[in-house]
Structure formats: C-alpha cells, structure tokens
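Report on the following structure.
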Amino acid sequence: MYIQVNIGRNFEHSTLGNMPMVSNIWREFQERVVYILLQLREHTDMGEPSVEIHTGVGDWDGVPEESAKISVYHEGGFDLDSIREQLFNLKKEYSQGTIALLIGSELI
C-alpha cells in the first residue's frame, strides 16, 4: 500500500492573521507525520518501509507556502483509521486548515 501525506507551512503573514511557522516547528511537523506512518504500518517480515519527503513552494489562499509531500510504500499495509485519527489531531495541534491523505494500492 502506498500512502502520501501533504502538509503545508505558511512562511509569510496572511490577511487571515496566520503567523508564519518557524523552521524548527516545520521540521518537527514533518517528523511527526513520518513517525505516524512508520508506527502504524502493519507488521510483516518485509523490513522497514522507505519514507520519502519532497518539499516545494505553493500558494494557499493567496499566501506563499512551503509544502511537504511525505510518502511511504509498505507491502504489509497500514492502520488507516489510526492514521486518519492521528493526522486529524496533528492538524489541530499545528493549526492547519487541511492535511491531505492519499492512499493507493495498485502497482503497474
């Protein structure tokens, strides 16, 4: 199963009053997502899944924002209900409007 989690970090003040996320908190946010994905994988003898983090800059409601796409593939699958719950809690903790969760199960 393939999972990708997309998160964002505003690094400029917005008209909505959002404060920029400082760099060390942004790194911590990414690390917490990785931790959730690795802790909630279904256990198999397949070994440790590989996690990739890709970063870039986009736009959210007219505010430039750094983003991270955190992806992992693991043949044993994941506890999706727990991932959803923990990402929802992380969204609130880091004052995020949204966190995207993409799930795939087909390889070609």
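Along the sequence shown, residues carry numbers from 1.
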Does any part of the side chain of [Y], heavy atoms only, come nearer than 4.5 Å to the side chain of [X], both counted from C-beta?
| X | Y | value |
| --- | --- | --- |
| Glu52 | Val72 | no |
| Arg9 | Tyr94 | no |
| Val34 | Ile53 | yes |
| Leu87 | Ile7 | no |

Approximate separation, where rounding is to 0.5 Å, of [X] [atom1] and [Y] [atom2]:
| X | Y | atom1 | atom2 | result |
| --- | --- | --- | --- | --- |
| Gln86 | Ile36 | CD | CD1 | 5.0 Å |
| Tyr35 | Leu90 | OH | CG | 12.5 Å |
| Glu28 | Ser23 | CD | OG | 12.5 Å |
| Gln39 | Ile83 | CD | CD1 | 11.0 Å |
| Gln4 | Lys69 | CD | NZ | 6.5 Å |
| Asn6 | Ile70 | CG | CD1 | 8.5 Å |

Examine [X] and [Y] and state if one hydrophobic cluster contains both, with Ile, Leu, Val, Met, Phe, Trp and Tyr joined whenever side-chain heavy atoms are less than 4.5 Å apart.
| X | Y | result |
| --- | --- | --- |
| Val5 | Leu102 | no |
| Leu38 | Phe78 | yes |
| Ile3 | Phe88 | no |

What pairs meet the salt bridge (charged side-chain N to carboxylate O under 4.0 Å, His left out) rule with one or both residues in residues 84-101, with sequence neighbours excluded?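 Non-adjacent pairs meeting salt bridge (charged side-chain N to carboxylate O under 4.0 Å, His left out): Arg32-Glu93, Asp81-Arg84.
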
Closest contact, heavy atoms only, [X] versus [Y]:
| X | Y | result |
| --- | --- | --- |
| Gly8 | Phe29 | O-CE2, 3.9 Å |
| Trp26 | Ser67 | CZ2-C, 3.9 Å |
| Ser71 | Tyr2 | CB-OH, 3.2 Å |

